[in-house]
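Fair warning: this is a prediction, and the values are worked out from it, not measured in the lab. The analysis underlying the following values was restricted to heavy atoms, covering all of them including side chains, and did not include hydrogens, waters or symmetry mates.
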Amino acid sequence: MSKNKQEFVAHITSREEDFSKWYTDIILKTDLVDYSPVRGSMVIKPYGYGIWENIQRELDNRFKATGHKNAYFPLFIPESLLQKEVDHVEGFAPEVAWVTHGGGEELTERLAVRPTSETIICSMYAKWIQSYRDLPVLYNQWCNVVRWEKTTRPFLRTLEFLWQEGHTAHATEEEAQEETMKMLNVYREFSENVLAIPMVAGKKTEKEKFAGAMSTYTIEALMQDGQALQAGTSHNLGQHFAKVFDIGYLDRDGQRKHVWQTSWGVTTRLIGAIIMVHGDERGLVLPPKVAPIQVIMVPIAFHKEGVLDKAEAIYEGLKAAGFRVELDDRDTQSAGWKFNEWEMKGVPIRLEIGPRDVEKNQVVLVRRDNHEKTFVPVEELTDTIHNMLEEIHKGLYDKALTMREENTHVAHDMDEFKDIVETRKGFIKAMWCGDVGCEDRIKDEFSLTARCIPFEQEKLADHCICCGEEAKHMVYFARAY
RNA sequence: CGGGAUGUGGCGCAGUUUGGUAGCGCGUCUCGUUCGGGACGAGAAGGCCGCAGGUUCAAAUCCUGUCAUCCCGACCA
């Protein structure tokens with residue numbers, strides 16, 4: 001029995017003391033991942049992969065609902081293909097892994113392990129697209145990609161990671177732009193309604209945009225330590241790739257034209273965002289819609305008459321009702337031990353059932369987010385849990401939104417900007433002239449990057465915070481993962 | 001890629017300064033008593049001390065190299 005109430009989970013470093021350590025403690029102790037023998041590469045264990053499967057399911061449904069189909073393109077990309085789009089190669093060159101040998105023989109052409117699939121997909125689209133009747137092409141693939149990063153952290157940056165990449169081709173510029181925005185909006189809606197994470201949506205600056213894109217749009221989230229995390233991007237590729245790969249079609253008017261393309265993706269990094277937005281001193285706090293286990297049942301004194309039978313009956317009922325529920329009937333662990341364990345693992349609702357409950361035909365529900373305890377008659381259980389999961393979701397979202405608002409500051413001039421950087425954390429909203437020089441200066445001086453030019457613009461001042469020239473946009477600046 | 005730290009049973013650590021039989025706590029296994037916020041007793045298993053060289057009669061300990069992880073920077077989803 002824990003004598004000290006503070007120490008529900010004895011072995012997690014507090015967020016205050018060391019946020020990074022808190023993060024690694026959590027991911028290891030809750031069995032999300034383990035380090036592998038390969039530098040910078042992690043094993044995603046079932047509990048972590050379960051979260052990813054739920055993310056996949058929710059997103060995939062949304063992709064299908066917006067007319068997309070899944071396909072799979074090769075892992076290996078011939079060097080000549082990768083090199084076709086100049087900006088694209090230059091952007092990715094430093095982090096490409098190369099295959100030089102196969103079956104013991106040196107290859108005549110090196111193969112890149114895909115860092116992203118634009119080039120190989122474009123090479124195929126050039127073959128498949130002939131007529132305006134072939135358009136639009138709306139494909140997505142779920143796969144792994146490799147980027148040879150110098151510094152790695154589980155979920156946030158690993159050499160190999162899982163993601164989805166959508167690649168579409170359209171007849172007109174307008175249609176491509178519409179698609180770009182539509183998918184960004186899918187990401188934003190998904191983040192808010194499934195992950196319970198509020199996002200700032202906007203456009204990337206020229207400096208920060210995707211290598212080879214015409215323009216890049218992003219959703220940015222704020223972590224509890226005040227650093228921003230890019231959670232999803234949607235690119236309007238324009239005709240850059242269409243021209244170098246010659247993806248052309250014959251239009252109604254008999255003219256041969258190049259297609260307009262988009263690409264968009266989210267990664268397993270989202271799991272890192274979930275941890276760093278919702279987690280607390282006791283460990284993980286999982287949003288109900290992606291939690292691998294939504295209800296954990298802990299039977300109390302279950303050797304006693306009727307307890308386990310009743311628990312099993314309730315378990316079957318909840319499972320049939322569609323909840324992700326598990327019954328922890330291990331007799332090797334005490335009830336109290338299990339409470340702490342499942343709290344650390346972030347399960348949204350704990351269901352306790354003991355001899356006294358069996359007598360009264362009720363159970364005890366305890367919420368992970370606010371630790372509220374409720375006694376619920378068995379016949380009301382399904383409805384109560386359904387509503388409680390909804391409330392937890394809403395509670396998490398509101399809390400995250402409050403956290404973000406409290407950590408979003410406005411700077412009208414450079415003195416104010418400096419002061420905020422030195423004394424606060426989080427997003428800084430400020431006016432910017434649009435010149436990359438000013439962006440660079442802020443990065444050099446403060447290590448802050450322009451996260452995005454938000455769609456929801458405010459006019460905070462007339463002049464650029466940096467150079468004093470006329471301001472064009474309001475920008476969110478932050479330190480970023 | 002720079003700066004710092006750490007690698008010792010599954011996990012957390014001590015031992016390294018001053019070389020001399022590898023230890024502690026937790027966990028694991030067996031049996032029993034327990035069970036509404038990390039239970040207790042008795043017994044048991046488990047380690048070529050990250051890896052590779054070197055010095056020495058003798059290396060977890062000293063030297064060289066190497067790999068990995070963590071933290072702080074520069075680069076990136």
Return the nearest nucleotide to the side chain of A:Ile300; candidates are B:G37, B:G36, B:C75. B:G36
Please tell me whether A:Thr449 and A:Arg451 have a donor and an acceptor in their side chains that are separated by less than 3.5 angstrom. yes
Please report the distance separating the P of B:C24 from the corresponding atom of B:G37, rounded so that it comes out in whole Å. 33 Å
According to a strict under-4.0 Å criterion, is A:Lys443 in side-chain N/O contact with OP1 or OP2 of B:C75? yes
Can you tell me which nucleotide in B:A68, B:G37, B:C35 comes closest to the side chain of A:Arg39? B:A68
Length of the CD-P vector between A:Glu352 and B:G37, whole Å: 8 Å
By the 4.0 Å heavy-atom rule, please label A:Ser36 as base, sugar-phosphate, or nothing. nothing
Expressed as a whole number of angstroms, how long is the span from A:Lys304:NZ to B:G36:P? 9 Å
Give one of base, sugar-phosphate or nothing for A:Leu229, where a contact means two heavy atoms less than 4.0 Å apart. nothing
So what does A:Gly91 hit on the nucleic acid, given a heavy-atom distance under 4.0 Å: a base, only sugar-phosphate, or nothing? nothing
Against the six-membered ring of A:Trp98, is A:Arg110 placed for a cation-pi contact (under 6.0 Å from the centre, within 45° of the normal)? yes
Please state whether the base of B:C1 and the side chain of A:Thr151 form at least one donor-acceptor pair under 3.5 Å? yes
With a 4.0 Å cutoff (strictly under), does any side-chain N or O of A:Ser334 reach OP1 or OP2 of B:C35? no
For A:Leu28 and B:C70, give me the distance from atom CG to atom P, rounded to whole Å. 8 Å
Could you check how far OH of A:Tyr481 sits from C1' of B:C75, rounded to whole Å? 17 Å
With heavy atoms under 4.0 Å as the rule, sort A:Pro94 into base, sugar-phosphate or nothing. nothing
Would A:Ile55 and A:Val194 count as a side-chain contact (heavy atoms from CB on, under 4.5 Å) here? Give the steps. CA-CA 8 Å; A:Ile55 289 174; A:Val194 177; 5.9 Å; no
Regarding B:G73, can its base be found pairing with the side chain of A:Ser447 as donor and acceptor, where the two atoms are less than 3.5 Å apart? no
When rounded to whole Å, the CG to C1' distance for the pair A:Asp34 and B:U69 reads 11 Å
Could you tell me whether the phosphate oxygens of B:C71, OP1 or OP2, come under 4.0 Å of any side-chain nitrogen or oxygen in A:Arg153? yes
Using the P atom as the point on both nucleotides, what is the distance between B:C49 and B:G43, in whole Å? 30 Å
With a 4.0 Å cut-off on heavy atoms, is A:Val145 in touch with a base, just the backbone sugar-phosphate, or nothing at all? nothing
Going by heavy atoms in the side chains, are A:Leu284 and A:Leu32 under 4.5 Å from each other? yes
Just the rounded figure in Å: distance from C1' of B:G37 to CZ of A:Arg368. 14 Å
State which of B:C35, B:U28, B:G37 makes the closest approach to the side chain of A:Asn340. B:G37
Heavy atoms under 4.0 Å, any strand shown: does A:Phe302 hit a base, just sugar-phosphate, or nothing? nothing
Among B:A39, B:C72, B:C35, which nucleotide sits nearest the side chain of A:Ser20? B:C72
Base B:G37 to side chain A:Arg350, donor-acceptor N/O within 3.5 Å cut-off: yes
Distance test, side-chain N/O of A:Tyr35 to OP1/OP2 of B:C70, below 4.0 Å: yes
Grab the NZ-C1' distance between A:Lys150 and B:A68 for me, whole Å please. 19 Å
Nearest-nucleotide pick for A:Pro154, side chain only, options being B:G36, B:C75, B:C70: B:C70
Atom P, compared across B:G32 and B:G23: separation rounded to whole Å: 32 Å
Where the side chain of A:Arg479 is concerned, which of B:G37, B:G73, B:C35 is the nearest nucleotide? B:G73
Please work out which of the three classes, parallel, tilted or perpendicular, describes the rings of A:Phe245 and A:Phe241, given edges at 30° and 60°. parallel
How close or far is atom P of B:U69 from atom CD of A:Glu149, stated in whole angstroms? 14 Å
Indicate the ring-plane relationship of A:Phe427 and A:Tyr476, choosing parallel, tilted or perpendicular according to the 30° and 60° boundaries. perpendicular
Does the side chain of A:Thr218 pick up a donor-acceptor pair with the side chain of A:Glu220 at under 3.5 Å? yes
